[in-house]
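Everything numeric in this text was worked out from a predicted model, so none of it was measured.
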Amino acid sequence: HKWSGKAYEKLGDIYSELLEDKRALDAYIHAANNARSTMDHLFAWYKAGNSYLKINNTTRAIDAFKKVISIGEKQNVSQRVPEAMYKTADTYYKEKNYSKALEMYKNVTRKYPKHQDTPWGLFQIGSVYKNIKKYENAIEAFNTLTNTYPDNYWTRQAQWKREDTIWEHKYRALLSN
């Protein structure tokens, strides 16, 4: 039936509210497989990705978010695409897969510079660089955030992290001895 995809998505939403994450996930996958429109596909896969995160299956979550990104880019639709990119980058970051996190954060901040999470993405770019000890790049990323979004919450965090990065860069060699 033409409404079965939407019905499964709503069922998934109900299961999600009841904290029955595995049932929600099953419903979202059925929704994605029965979706009639691009938007229905995007939303169902995005919700499936979130459900996978809730049950700590990060590999499948990333796969679901990558489907959102792929479908959105092929169909030239941006709803849920930047969010899926941030969720993917955040998951890579939490797993300490810094090269993939950095690549995704750079992509999303370049492709969607006006998105509400861009300050977060810029902050995370600086954080990744700091974690991999590319201090000059980290400082540059924190400066970009500070100069571009002077009144943002993440700017205030970046100012502190920038100072910490400068200190660590300056004294790391001394502390190692």
Side-chain angles (χ1 to χ4, degrees), residues 16 21 38-39 41-43 45-177:
S16 184
D21 298 319
T38 298
M39 293 307 297
H41 272 105
L42 290 174
F43 280 85
W45 281 119
Y46 183 77
K47 290 177 179 184
N50 283 327
S51 293
Y52 278 123
L53 286 178
K54 287 180 182 179
I55 62 170
N56 295 316
N57 189 333
T58 57
T59 301
R60 290 266 174 100
I62 289 170
D63 290 344
F65 292 134
K66 284 184 175 181
K67 287 180 183 179
V68 173
I69 296 163
S70 175
I71 294 166
E73 288 178 347
K74 284 179 187 168
Q75 299 296 320
N76 202 27
V77 175
S78 62
Q79 280 108 336
R80 290 292 179 236
V81 174
E83 291 87 351
M85 293 174 86
Y86 279 111
K87 293 269 186 167
T88 302
D90 291 344
T91 302
Y92 284 139
Y93 184 87
K94 287 175 189 164
E95 294 179 337
K96 297 184 184 340
N97 188 337
Y98 295 129
S99 62
K100 286 186 177 183
L102 183 61
E103 178 184 346
M104 189 61 73
Y105 285 126
K106 283 182 171 183
N107 278 342
V108 68
T109 56
R110 268 191 238 121
K111 287 183 181 181
Y112 302 97
K114 296 191 185 303
H115 191 270
Q116 66 185 14
D117 289 332
T118 297
W120 164 252
L122 294 172
F123 178 82
Q124 285 298 89
I125 289 169
S127 296
V128 168
Y129 278 130
K130 183 179 185 294
N131 287 333
I132 62 174
K133 301 186 183 3
K134 290 192 174 185
Y135 298 110
E136 292 85 5
N137 296 60
I139 293 165
E140 182 181 328
F142 294 136
N143 287 341
T144 299
L145 172 56
T146 302
N147 294 333
T148 309
Y149 301 94
D151 298 321
N152 188 276
Y153 169 83
W154 291 109
T155 297
R156 293 186 292 282
Q157 299 302 310
Q159 290 165 342
W160 173 84
K161 195 121 177 190
R162 180 184 170 276
E163 295 304 316
D164 183 56
T165 302
I166 291 169
W167 185 90
E168 185 176 321
H169 180 49
K170 186 174 182 179
Y171 295 106
R172 185 153 191 69
L174 294 173
L175 293 173
S176 298
N177 294 334

| said: Just to verify, which of Thr58, Asn97, Thr59 counts as forming a side-chain contact (heavy atoms from CB on, under 4.5 Å) with Thr91? | reply: Thr58
| request: Determine the sole option in Met104, Lys66, Arg80 for which the side-chain contact (heavy atoms from CB on, under 4.5 Å) test with Met85 is passed. | output: Met104
| query | Can you name the nearest heavy-atom pair linking Ile125 to Leu102, along with the distance? | reply | CG2-CD1, 3.9 Å
| note | Shortest non-hydrogen pair, Lys87 vs Leu53, comes out as CD-CD1, 4.2 Å
| message | Minimum heavy-atom separation for Phe142 and Ala158, please, with both atom names. | response | CD2-CB, 3.7 Å
| field | ring pair (Phe, Tyr, Trp, His ring centres under 6.0 Å) against Tyr93, all qualifying residues, sequence neighbours excluded | value | Tyr98
| field | Check: Asn152/Trp120 side-chain N/O donor and acceptor closer than 3.5 Å | value | no
| said: I need the minimum non-hydrogen distance between Val77 and Val81, along with the two atoms involved. | reply: O-CG2, 3.3 Å
| request: State, without any angle test, whether Glu136 and His169 hold a side-chain donor-acceptor pair at a distance under 3.5 Å. | output: yes
| Among Trp154, Tyr149, Tyr129, which residue meets the ring pair (Phe, Tyr, Trp, His ring centres under 6.0 Å) test with Phe123? | Trp154
| query | Which pair of heavy atoms, one from Trp45 and one from Ala64, lies closest together, and at what distance? | reply | O-CB, 3.6 Å
| Heavy-atom closest pair, residues Ser127 and Lys161 | OG-NZ, 3.4 Å
